[in-house]
There are 2 protein chains.
Amino acid sequence: MTRVLVVDDEPQITRALVINLKARKYDVDAASDGATALQLAAARHPDVVVLDLGLPDMDGVEVIKGLRGWTRVPILVLSARHSSDEKVEALDAGADDYVTKPFGMDELLARLRAAVRRAEPTGGGEDDVIVETAAFTVDLAAKKVHRDGRDVRLTPTEWHLLDVLVRNTGRLVGQRQLLQEVWGPSYGTETNYLRVYMAQLRRKLEADPSHPKHFITEPGMGYRFER
Amino acid sequence: MTRVLVVDDEPQITRALVINLKARKYDVDAASDGATALQLAAARHPDVVVLDLGLPDMDGVEVIKGLRGWTRVPILVLSARHSSDEKVEALDAGADDYVTKPFGMDELLARLRAAVRRAEPTGGGEDDVIVETAAFTVDLAAKKVHRDGRDVRLTPTEWHLLDVLVRNTGRLVGQRQLLQEVWGPSYGTETNYLRVYMAQLRRKLEADPSHPKHFITEPGMGYRFER
DNA sequence: GCGGGGCATCAGGGTTGCGTCAAGGACGTC
DNA sequence: GACGTCCTTGACGCAACCCTGATGCCCCGC
């Protein structure tokens, strides 16, 4: 769940924001002054901060700088000041967006979504899904198989087949489904393809290919991957 | 130098933006309609896009979607419409910021700086900037490759390709992804480009180009950089 | 015991994909 | 206008992959 930190000293605005955010399944923390805000940010590590610049204890820009000293969390500034200088100062201090009061809740939420989306891990992040068995290790994202300390090379078809099986770990995958997912929708009866490629996968990955422990045949039905 | 793509069909606004941006040492491209914008974005790979929603040939939101199909480049929307719905639609389509006309140039530039700053490489530190292998050293930030005590010269396309591969060290990068990231979204099947440029990279960087240790071919799928 | 269906394994051949080289053309520089 | 660099494109040999058929095994029903 996305965590939002709301910082505002006007209770009615804070309340409105909190209600709207919680209704949209955000996890919300709230602070009414800068010191509390910095403390909460450090303790709770929010995914995005909504910050009113007019705080009782310190300048809003100082809060931004305080945050930027250690985090790149998106900061969405809220302010009654329309002055261009204020905006420039806040943005250059490290704010990500600047919304002037009064604001439309729809717009604010859209800007919030944009800020959160931007901060999401890049496509090439390391959200690798790794599946381990006693005999080998599969990294689906990197398309890598490790076994006995060395990489195993698989052909595209072998990968495709392994991919479908591993994504259904423990479940039986029917022959027809395997054929259609790997070879295309017009296939469904060419079970000999499966036999050939299952044999290759076993030869490359199983400790004892003729007595497979991970690529199990379910006669007449399909195959199952067990780790 | 930061490259900006300005998309607007009103010449006076475009001119004002271009002049201001160039004065601040930005590298500026300009387009007056959506088709040109998409084409220029693919060809020039800007670091940020300033996009007017009111274009003659297509809906601005379509331009956003067209860009988001293949790139996360920051998009700063410019529009005469103040309606909340328009803003929400543009932001949810993938825009990063939304500024209504008339706008203050100072504010716009500050928002632009914020957008560019955000897109900078993650603050992981400087441990990722330099990648070392047994044969050579790559400095992605400085755009330098060192090998056997001397600098290796790479062409822009070679750099781009190396960049994508190194940023995905250890991971397989599909040929379609490589083509689209290096040559643009309209490419995807021209695998001969890859073959030619991979050969050049290998010739310049590998100790034994015909038996590559770092630029690994995965037949039928793509390439992988290993250090 | 006998026959049949489904499965594992192997080996061959057609086809695809890769590496390499070289030539042509666009672009910028001097 | 000549030159050099870079990108594109085509052709060729070669290796790898995918498909296919043949063979033999095991399990099961008759």
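It should be emphasised that the depicted structure is a prediction, and the values quoted were computed from it without experimental measurement. Residue numbering restarts at 1 for every chain, and letters A, B, ... go by the order of the sequence lines.
- Atom CG in A/Asn192 sits roughly 12 Å away from atom P in C/dG6 (whole-Å rounding).
- Residues passing the side chain to side chain contact (heavy atoms under 4.5 Å, CB included) test with B/Asp47, sequence neighbours excluded: B/Thr2, B/Arg3.
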Tabulate below the donor-acceptor pairs under 3.5 Å that side-chain atoms of residues 136-145 of chain B make, not counting sequence neighbours, or state none.
unit_1	atom_1	unit_2	atom_2	d
B/Asp139	OD1	B/Ala141	N	3.1
B/Asp139	OD1	B/Ala142	N	3.0

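- Residues satisfying the side chain to side chain contact (heavy atoms under 4.5 Å, CB included) criterion with B/Ala207, sequence neighbours excluded, are absent altogether.
- Residue-environment remark: CE (B/Met58) exceeds the threshold of 12 foreign heavy atoms within 6.0 Å.
- The salt bridge (Lys or Arg N to Asp or Glu O under 4.0 Å) check on B/Glu10 picks up B/Lys101, with sequence neighbours excluded.
- By the ring pair (Phe, Tyr, Trp, His ring centres under 6.0 Å) test, A/Phe225 is found to be paired with A/Phe215, residues two or more places apart in sequence or in another chain being considered.
- For DNA chain D, the span of nucleotides reached by chain B at under 4.0 Å from its heavy atoms goes, 5' to 3', from D/dT5 to D/dT9.
- Per the geometry, CD belonging to A/Gln175 stands 12 Å off C1' belonging to C/dG5, to the nearest Å.
- Per the geometry, CG belonging to A/Leu179 stands 11 Å off P belonging to C/dC7, to the nearest Å.
- Of the residues in residues 213-227 of chain A, A/Thr217, A/Pro219, A/Gly220, A/Tyr223 come within less than 4.0 Å of DNA chain C through at least one heavy atom, sorted by number.
- A side-chain donor from one of A/Thr217 and A/Arg202 sits under 3.5 Å from a side-chain acceptor of the other.
- A salt bridge does not link A/Arg111 to A/Asp96: none of the charged nitrogens lies less than 4.0 Å from a carboxylate oxygen.
- Applying the ring-ring contact (aromatic ring centres under 6.0 Å, His included) rule to pairs touching residues 153-181 of chain A yields nothing, sequence neighbours excluded.
- Salt-bridge formation is not detected for the pair B/Glu132/B/Arg227: no Lys NZ or Arg NE/NH1/NH2 atom is positioned less than 4.0 Å from an Asp or Glu carboxylate oxygen.
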Mind listing the N/O atom pairs, protein and nucleotides 22-25 of chain C, below 3.5 Å?
none

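- Proximity of B/Arg195 to the phosphate of C/dC18: a side-chain N or O atom is located under 4.0 Å from OP1 or OP2.
- Near DNA chain D, meaning a heavy atom under 4.0 Å away, there are no residues from residues 198-210 of chain A.
- Residues meeting the side chain to side chain contact (heavy atoms under 4.5 Å, CB included) test with B/Ser32, sequence neighbours left out: none.
- A salt bridge links A/Glu158 to A/Lys204: one of the charged nitrogens lies within less than 4.0 Å of a carboxylate oxygen.
- In this view, A/Val88 and A/Ser84, A/Asp92, B/Asp106, B/Ala110, B/Arg113 satisfy the side chain to side chain contact (heavy atoms under 4.5 Å, CB included) rule, not counting sequence neighbours.
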